[in-house]
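Report on the following structure.
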Amino acid sequence: MRFQSRSILATLILSAVSSGAFAASHTVENLTIFAGEKAASAKDVLAKNAAKYGLPASLDNLVLTKVQDSLLGKHYYYQQMLRGIPVDRAEIVISISHKGDLLKVFNETKPVSAQADANAVNQLYVQKQITTEQALDKAWTNMKVQHKLVDAPKTDLVWIAGPSGFQLAHKVNISAQMPTGGFVQYISTADGKLLDSYSTTLPRMSKGGERSLAERAKLNVSTLDRQSETAAFTAKLGKVAAAPAASSLAVAAAASGVNGSGLVFDPDPRTALNTENLTDTSAASAFDAAYSTKTLRDLTVTNGVYKLSGPFVNITDIEAPNTAPSTTTNGVWAAKRGNNAFDDTNIYFHLDQSQRYIQSLGFTGSKSIINRPLNVDTDGVNGDDNSHYQPAAAGKDYLAFGHGCVNDSEDVGVILHEYGHGMQYNINNSWSGGDTGGMGEGFGDYWAASYSYSTANGKTFRPEWAFKWDGHNACWGGRMLNRTDAKYNASKSYPAHTSVTENGVTFQSDELWSAPLFQSLVSLIAAGKPRENVDKIILEAHFGLGSNVKMPAMATAIVNAATALFPNDATYANTFRAKFEAQNILAGAVPPGTVISETESNNTTATANVISTSNTTVNGSMSASTDVDYFKVTVPAGKTLKVVMTPNSTSDYDLELYSSTGTKLTSSTNGKGAADTVSNANTGTAAKVVYAKVLYYSGGTGATSGKYSAVFTW
C-alpha cells in the first residue's frame with residue numbers, strides 16, 4: 001500500500017536537497033568535525049563562526065602562530081590574546097583539506113567579558129607585580145633543582161583562564177636532568193604564589209607520583225644555585241656554538257651515504273627467542289641467538305672515526321652518568337649487552353628505522369614528524385630504571401634511557417614508546433591537559449606494540465604485553481594492551497600512569513587508551529588490512545589539535561581520519577569506532593554526516609557506489625524511467641543498516657535491499673514524495689555486504705526533475 005505523507009526527517013532532507021545546503025557538523029568536547037562545507041580560507045571560517053566560538057567580529061584577539069601541513073590538509077593555529085598577552089593554552093585551530101573543504105575546528109579559546117577585560121587592565125597597569133627574576137627564583141625553589149640544566153630557564157607573561165576570569169602569571173619553564181626533570185610553573189605576578197604546574201618530562205613509568213612539585217617538595221636535598229647553574233649552561237652553549245663539530249651535541253645535517261653495522265635485539269630477546277624464561281641475570285650465552293646484525297645507515301665519519309650520528313638520530317651524552325658515545329674505526333659495532341656500545345647501536349637502529357617508516361607513510365617534507373636528528377643519551381636518567389622524552393624547541397628536545405635492572409635501551413618497547421612522546425610533541429607542542437597524559441602514554445605503548453606485532457614472533461609471543469623485555473619481571477610489571485574491561489568515565493580526567501578503578505575494575509590510565517588502539521590494529525590486520533594504514537590513520541588524527549584534548553575528541557579525530565583517508569573502505573572507521581564504543585570512549589554517538597553525490601554508472605551491484613561511513617547522505621537522480629541505482633554497504637557485525645530514501649515532491653521512487661548473493665531482503669514502496677525506509681540487522685560475528693537499490697516508479701526524471709536523497713546509517 002502506498003502512502004502520500006512524508007516524515008519530518010524526510011522533509012528536512014528534501015529541503016536540504018532543494019536548497020543545495022548539505023553542510024553538517026558534529027561536535028565532541030572541543031572538536032567539531034565538518035562535512036560538505038567549503039572553506040575559502042581559515043580567516044573566512046573564523047569570521048563566519050565568530051559568534052559561535054565567542055570571538056569578536058573583528059577577530060582582533062587572534063594571532064596566526066603556525067600553519068602546519070598533513071596528509072589531509074593544512075592546519076591554521078590561532079593564539080588567543082588578551083591586552084596583547086597570550087591566554088595560555090587557548091588556541092583555535094582551523095583544518096582545511098587540500099581540496100578546500102573544512103575538515104575540523106579545534107577550539108580552546110575563552111570568552112572575555114567586559115568585567116574580565118577590566119580586571120585584566122587592573123592587573124596589568126595598576127596592581128603591583130613581581131619581577132621575572134623573582135618568578136624564576138620561586139619556581140627554582142619549588143622544584144628543588146638538584147641536577148644540571150639541559151636547557152636555559154625561560155619565562156613568559158601569560159593569562160591563566162579560570163572560572164572567575166583571567167590571572168596574570170609568569171609561565172616558567174625549567175628543565176634539568178632527571179630525576180629533577182622539567183616542569184612548567186605558573187607563578188602569580190601579584191604575589192608569587194604557585195597557581196598551577198605540570199611536568200614536561202615524560203617517563204615510561206611513574207614511581208609513586210614523583211613527577212609532581214608536591215613530591216619534589218618532600219625531598220630533603222640541597223638545591224643548586226640558579227644563577228651559577230644558568231651561567232654554566234649558557235657558557236656551555238657558547239662553546240657549542242663556537243665549535244659545533246667538536247661538540248658532543250653536534251648532529252648530522254644530512255644523509256652521509258656511509259653505512260655501518262651492529263648487533264641489535266629485534267624486537268627484544270624474549271620475543272626473538274619466543275620465551276618468557278629469559279631474565280636480566282641469565283647467562284650471556286642465553287642471548288646469543290637473539291642478536292641480529294643490522295645495517296646502521298648514514299653514519300658520520302670524521303678523520304676515520306665512525307659515529308652513530310645520522311640524519312634522524314644523534315647518540316650523545318646529555319645526562320648523568322656521563323658516558324661518551326661509542327665509536328669505531330671501521331663502522332662495525334660487535335658489542336653485546338652489558339657493553340654501552342650495544343645500547344648505542346640498538347637505539348640508533350630502531351629509531352632510525354622508525355623514522356624512515358614514518359616517512360614511508362607519507363609524512364615527509366612539510367608533513368614531516370621529527371624528520372631531523374634527535375639527540376639521544378643511551379645511558380642517562382642518573383642510572384635509574386626509567387627513560388624519558390624531554391620536550392623543547394626542535395633540536396633541543398631529547399631522549400634519555402636508564403640502565404637500572406634491564407637496560408631500557410635493550411627493549412624496543414621502551415625505545416619506540418619514548419619516540420612516540422617525541423612524535424606527539426612535534427606534531428602538537430600544546431599537547432598537555434585534558435586526557436593527554438594517559439593518551440600520551442597509551443600512544444607510546446601502541447607505537448611500540450605496532451612494530452613488535454609486525455616482527456616474526458610478534459603476533460604469537462605475548463602480543464598483549466607492553467615492554468616485553470624491560471617489564472613483566474621482578475623489576476616492574478609492565479603494562480597491558482588488552483584491557484578491554486577498562487571503561488571511560490566522562491566525569492574524570494586521565495593523567496599519565498594513574499591507577500583507576502571503574503565499576504570494580506582497576507586499570508592504568510595508559511591502558512585505557514592503548515587497548516582500543518592496539519585491538520583495532522589486531523582486528524584490522526586479521527581482516528587483511530596492512531599495519532601501515534592503521535598507523536597512518538592514528539598519526540594523521542593528531543594534526544590540527546591543541547591542548548586539553550579528551551579521549552572522546554581524540555577518538556573522534558581518529559575515526560574521522562580513517563573515513564577521510566579511506567573513503568571507499570569503511571572497515572577502518574567502523575573498527576576504530578567499535579573499539580572506542582566498547583570502552584565507553586565513544587558512547588555510540590552518531591558520526592558526523594558525510595554528503596556525497598551518486599555517480600553513474602551504478603546500474604548493477606558490480607558497479608555500485610560504495611557507502612563507507614554511517615550517516616552518509618547521497619544526492620542522486622533518476623536519469624530515466626529505466627534507471628536503477630545501486631549502493632554497496634559493508635555492515636559491521638552487531639550493527640543494523642537503515643536506509644531512508646526521499647524522492648522529490650512530484651515523484652515516486654522505490655527502495656529495495658539485497659544480500660551479497662542477490663537475494664532480496666526487504667523493500668519499501670511508499671507513494672509520491674514520501675520517504676521509503678528499509679533496514680537489516682547483521683547478527684553475525686563478521687561484517688557483511690548488502691546492496692541498496694533505488695528504482696523508478698513514477699514522476700520526474702533527469703538532473704532537475706529526478707532528484708532524490710538517501711541517508712545510510714548503522
Side-chain angles (χ1 to χ4, degrees), residues 244-269 271-272 287-318 323-365 368-379 395 398-399 401 407 409-412 414-416 418-419 422-423 447-448 451-452 454-456 532 535:
S247 166
S248 64
L249 295 179
V251 294
S256 67
V258 178
N259 297 336
S261 66
L263 295 179
V264 306
F265 288 144
D266 189 20
D268 65 82
T271 304
F287 295 86
D288 285 344
Y291 293 104
S292 299
T293 300
K294 299 290 187 180
T295 299
L296 306 174
R297 300 176 64 178
D298 294 314
L299 304 180
T300 297
V301 183
T302 306
N303 298 324
V305 177
Y306 289 73
K307 301 177 182 178
L308 292 168
S309 182
F312 313 124
V313 187
N314 178 51
I315 305 299
T316 187
D317 178 39
I318 302 172
T323 307
S326 60
T327 60
T328 71
T329 56
N330 61 359
V332 177
W333 275 260
K336 296 183 177 181
R337 72 182 302 259
N339 186 320
N340 277 12
F342 174 75
D343 301 298
D344 293 348
T345 58
N346 200 48
I347 286 181
Y348 186 91
F349 170 75
H350 282 296
L351 290 184
D352 178 81
Q353 178 179 250
S354 191
Q355 175 55 222
R356 294 175 194 270
Y357 170 70
I358 292 167
Q359 293 185 38
S360 76
L361 301 179
F363 296 98
T364 60
S368 293
I369 306 170
I370 329 185
N371 183 2
R372 57 177 171 80
L374 180 65
N375 287 329
V376 184
D377 189 341
T378 68
D379 186 12
Y398 69 90
L399 298 176
F401 297 86
N407 288 9
S409 42
E410 294 181 7
D411 190 344
V412 72
V414 182
I415 296 168
L416 296 185
E418 294 303 335
Y419 200 54
M423 292 158 61
W447 189 251
Y451 175 70
S452 182
S454 73
T455 62
E532 291 81 358
D535 288 344

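These numbers come from a predicted model, not from an experiment.
- The nearest pair of heavy atoms linking Val412 to His350 is CG2-ND1, 3.5 Å.
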Next on the checklist: Is there a side chain to side chain contact (heavy atoms under 4.5 Å, CB included) between Phe312 and Leu374? Walk through the geometry before answering.
Outcome noted: CA-CA 6 Å; Phe312 313 124; Leu374 180 65; over 6 Å; no
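- Residues Thr345 and Leu263 share a closest heavy-atom pair of OG1-O, 2.9 Å.
- For the pair Thr328 (side chain) and Gly331 (backbone), a donor-acceptor distance under 3.5 Å is present.
- Across Ser326 and Leu308, no two heavy atoms sit closer than the pair OG-CD1, 4.1 Å.
- Side chains of Ile415 and Tyr419 form no contact here, defined as non-hydrogen atoms less than 4.5 Å apart.
- Looking only at distances, no side-chain donor or acceptor of Glu418 sits under 3.5 Å from a matching main-chain atom of Tyr398.
- The distance from the CD atom of Gln355 to the CD1 atom of Ile369 is 8.0 Å, given to the nearest 0.5 Å.
- Within the cation-pi definition used here (under 6.0 Å to the ring centroid, within 45° of the axis), Arg337 qualifies as a partner of Phe287.
- When atom types are taken as modelled, the side chain of Asn346 and the backbone of Phe265 share a donor-acceptor pair closer than 3.5 angstrom.
- A 4.5 Å side-chain heavy-atom check between Val376 and Phe401 finds at least one atom pair inside the cut-off.
- Side chain of Asn259 to main chain of Asp298: a donor-acceptor pair is present (N/O by atom type, distance under 3.5 Å, no hydrogens or angles).
- Here the shortest heavy-atom pairing between Lys307 and Leu299 reads O-CB, 3.5 Å.
- For the 3.5 Å distance criterion, the side chains of Ser309 and Asn314 qualify, holding a donor opposite an acceptor.
- Looking at Ser360, its side chain does come within 3.5 Å of a backbone N or O of Tyr357 through a donor-acceptor pair.
- Between the Asn407 side chain and the Ser409 main chain, no donor and acceptor come within less than 3.5 Å of each other.
- Here the CG-CD distance, from Asp343 to Glu410, works out to 6.0 Å after rounding to the nearest 0.5 Å.
- Looking at every heavy atom in both residues, Asp266 comes nearest to Lys294 through OD2-NZ, 3.2 Å.
- Gly422 and Ile370 get closest at one heavy-atom pair: C-CD1, 3.5 Å.
- Screening Trp333, Tyr291, Tyr348 for a ring-ring contact (aromatic ring centres under 6.0 Å, His included) with Phe342, the sole residue that qualifies is Tyr291.
- Using a distance-only test at 3.5 Å, with no hydrogens or angles considered, no donor-acceptor pair links the side chain of Ser256 to the main chain of Thr300.
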